[in-house]
2 protein chains.
Amino acid sequence: MENKPRSEDRRVRRTKKLLTQALTSLMKEKQIKDITVKELTDRADMNRGTFYLYYRDIFQMLESIEDELLEALNQILGEKLGETPLNEQMLTEMFEFIRENREIMGVLMSFRGDICFLYRLNRLIREKCMTIWDITTERESEFNYDYNFVAFGCAGLVMAWIDRSCPETSEKLARRVNDILQGQRIGVKAYSRSEKAGII
Amino acid sequence: MENKPRSEDRRVRRTKKLLTQALTSLMKEKQIKDITVKELTDRADMNRGTFYLYYRDIFQMLESIEDELLEALNQILGEKLGETPLNEQMLTEMFEFIRENREIMGVLMSFRGDICFLYRLNRLIREKCMTIWDITTERESEFNYDYNFVAFGCAGLVMAWIDRSCPETSEKLARRVNDILQGQRIGVKAYSRSEKAGII
DNA sequence: GATATAGTCAACACCATGTTCAGTATTTCA
DNA sequence: TGAAATACTGAACATGGTGTTGACTATATC
């Protein structure tokens, strides 16, 4: 995220950064559909016309922010699929990246966020798993349910983590996810006062 | 969902139903932000003004559809919290409800859906768990991570299920979720070709 | 320091929105 | 079944955010 192509003019970098900050800030206050370009550029302290130099509308702007985040995550996952394993080390790196960008990541995954981003993130990791594990189409259906459980489960866990401003280290979170995936009992049943109380 | 208060005029029921169908249909084709009231009422074959008799805008309409779904699910969960356990029977009932309303549920949970709905659904179940299991505030943090993993994991599993038009029975799905929650190994590791390939 | 490029400011047409009102159609209930 | 109530239609209207343009100013690059 930080090291963008230096080809862009300093002013361009500044403008985009200010707009991103303003959008992040506004999305903490209201739904994206209720944010106007005027409001956004006012907060970024710039002319409304400047916005249109780079983005078609606010939704497209959000999408382009998502593009950058996903591209960066893709880099971490290893550009050439199948080369790097999805291990605890890699989970740590991903969580660290999320932590570093927790402002915008938090917004995107919050109730004011974008379900599309969750899906794109999900697919990114999913495709890597498919390649690494060489899932055939016959096994795909079976794979899909469990995969989705784990993937969205992780997303949920990360949401709770960001929501608390990432108090635990990325390493600890990666270890927790690792433990769960290694087959460790998900600690929910432990909360039940009695066996009879239910199973969830 | 089906048995609404009969107090409403038949025309009103008809209008709302047509609008809901039209919205569901349109959301399969495009994002909600790109749907105009004109487009919606055209598809529902009615006057544009009629829409405003019941809804302020399209987003508010979606919200009111969500309200009804969540209210119905709340009924299934038992109105008086803490009275009914969250067991396999109840999971089956919930999945059956989702299956019956899979058209709109599918849209709401799809990549064109509403992240807010996921959060509301999550909170609904969460609050019930908190009450039943008598989670104290000290234990809440610990509980939160695991709970979120399971809750969003279930959501992900359901998404995959709806996405395939619910081929498995609600009973079978409830059993699968039950198995996972009972501590059964989540079947992802099984897909790995070798132990070295990674842990996710 | 010269040139290129980015940002500002004001003005503009456009179009979906949300509201209104009079007239018509349908439902409800006595 | 008929009358009163209520819902829907169709057209008109003001409004406000949108996206674009062109001339001018400010800033970065080399």
Side-chain angles (χ1 to χ4, degrees), chain A residues 2-68 112 114 116, chain B residues 2-68 112 114 116:
Chain A
E2 273 70 35
N3 34 2
K4 286 196 200 155
R6 286 283 120 177
S7 59
E8 274 184 338
D9 193 311
R10 183 202 287 169
R11 289 167 295 184
V12 180
R13 290 198 302 274
R14 185 186 119 93
T15 298
K16 287 188 177 177
K17 191 179 173 185
L18 284 173
L19 282 172
T20 302
Q21 284 173 348
L23 184 61
T24 308
S25 147
L26 277 168
M27 283 182 79
K28 285 183 187 171
E29 296 168 20
K30 51 164 72 179
Q31 291 192 297
I32 189 166
K33 72 175 178 68
D34 295 320
I35 300 172
T36 65
V37 176
K38 175 101 181 58
E39 218 173 357
L40 182 67
T41 49
D42 271 358
R43 184 159 306 201
D45 196 28
M46 64 179 64
N47 194 276
R48 189 169 68 88
T50 309
F51 175 87
Y52 293 103
L53 258 38
Y54 303 105
Y55 309 109
R56 197 181 58 246
D57 55 49
I58 294 185
F59 289 97
Q60 190 269 315
M61 176 185 168
L62 190 72
E63 197 182 323
S64 103
I65 292 174
E66 292 175 3
D67 287 343
E68 283 180 33
R112 283 207 244 275
D114 182 10
C116 213
Chain B
E2 273 70 34
N3 33 4
K4 285 194 199 156
R6 287 283 120 179
S7 58
E8 275 183 338
D9 191 311
R10 185 202 286 169
R11 289 167 295 184
V12 179
R13 289 198 303 274
R14 186 186 119 94
T15 298
K16 286 188 177 176
K17 191 177 173 185
L18 285 173
L19 282 172
T20 301
Q21 285 172 348
L23 183 62
T24 308
S25 148
L26 276 167
M27 283 182 79
K28 285 183 186 170
E29 297 167 21
K30 50 164 72 178
Q31 292 191 294
I32 190 166
K33 72 175 178 67
D34 295 319
I35 300 172
T36 65
V37 175
K38 175 103 182 59
E39 217 173 358
L40 183 68
T41 49
D42 272 357
R43 184 159 305 200
D45 196 28
M46 63 179 65
N47 193 277
R48 190 169 67 87
T50 309
F51 174 88
Y52 295 102
L53 257 37
Y54 303 106
Y55 308 109
R56 197 181 59 247
D57 55 49
I58 294 185
F59 289 97
Q60 190 269 316
M61 177 186 166
L62 191 72
E63 197 182 322
S64 103
I65 291 174
E66 292 175 2
D67 286 343
E68 283 180 32
R112 282 207 244 275
D114 182 10
C116 215

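Chain letters run A, B, ... following the sequence lines, proteins first, then strands; residues in each count from 1.
- B:Glu29 places none of its side-chain heavy atoms less than 4.5 Å from the side chain of B:Ile35.
- Rounded to the nearest 0.5 angstrom, B:Ile58 CD1 and B:Leu40 CG are separated by 5.0 Å.
- To the nearest 0.5 angstrom, A:Asp114 atom CG is 7.5 Å from A:Ile32 atom CD1.
- Under a 3.5 Å cut-off, the side chain of A:Glu39 and the backbone N or O of A:Thr36 do form a donor-acceptor pair.
- Comparing the axis of the opening five pairs of the helix from C:dG1-D:dC30 to C:dA30-D:dT1 with that of the closing five pairs yields an angle of 50°, rounded to 10°.
- Residues satisfying the salt bridge (charged side-chain N to carboxylate O under 4.0 Å, His left out) test with A:Lys33, not counting sequence neighbours, are none.
- A salt bridge between A:Lys16 and A:Glu8 is present, with a side-chain N of the basic residue lying under 4.0 Å from a carboxylate O of the acidic one.
- Contact of the A:Leu23 side chain with the A:Leu19 side chain is not registered, since no non-hydrogen atoms from C-beta on lie closer than 4.5 Å.
- Here the C1' atom of nucleotide D:dA11 and the NZ atom of B:Lys38 are 13 Å apart, to the nearest Å.
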Below 3.5 Å between N/O atoms, which protein atoms pair up with nucleotides 24-26 of chain C? Just atom names and distances, please.
unit_1, atom_1, unit_2, atom_2, d
C:dT26, O2, B:Arg11, NH1, 2.7

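- Environment of NZ in B:Lys38: sparse, with no more than 12 heavy atoms of neighbouring residues, nucleotides or ligands closer than 6.0 Å.
- Straight-line distance from the CD atom of B:Glu8 to the C1' atom of C:dT28: 15 Å, rounded to whole Å.
- A distance of 12.0 Å separates OG1 in B:Thr50 from OH in B:Tyr55, rounded to the nearest 0.5 Å.
- Applying the salt bridge (charged side-chain N to carboxylate O under 4.0 Å, His left out) test to B:Arg11 and every residue at least two apart in sequence or in another chain returns B:Asp9.
- To the nearest 0.5 Å, atom CZ of residue A:Arg112 and atom NZ of residue A:Lys30 are 10.0 Å apart.
- When the P atom of C:dT5 is taken as reference, atom CZ of A:Arg14 falls 20 Å away, rounded to whole Å.
- The number of heavy-atom neighbours closer than 6.0 Å to CG of B:Asp34, taken from other residues, nucleotides and ligands shown, is above 12.
- Between the side chain of A:Arg48 and the backbone N or O of A:Thr41 there is no donor-acceptor pair closer than 3.5 Å.
- Residues from residues 23-36 of chain B placing a heavy atom under 4.0 Å of any atom in DNA chain C, listed by number, are B:Thr36.
- Near DNA chain C, defined here as any heavy-atom distance below 4.0 Å, the residues from residues 45-59 of chain A are A:Met46, A:Asn47, A:Arg48, A:Thr50, A:Leu53, A:Tyr54, listed numerically.
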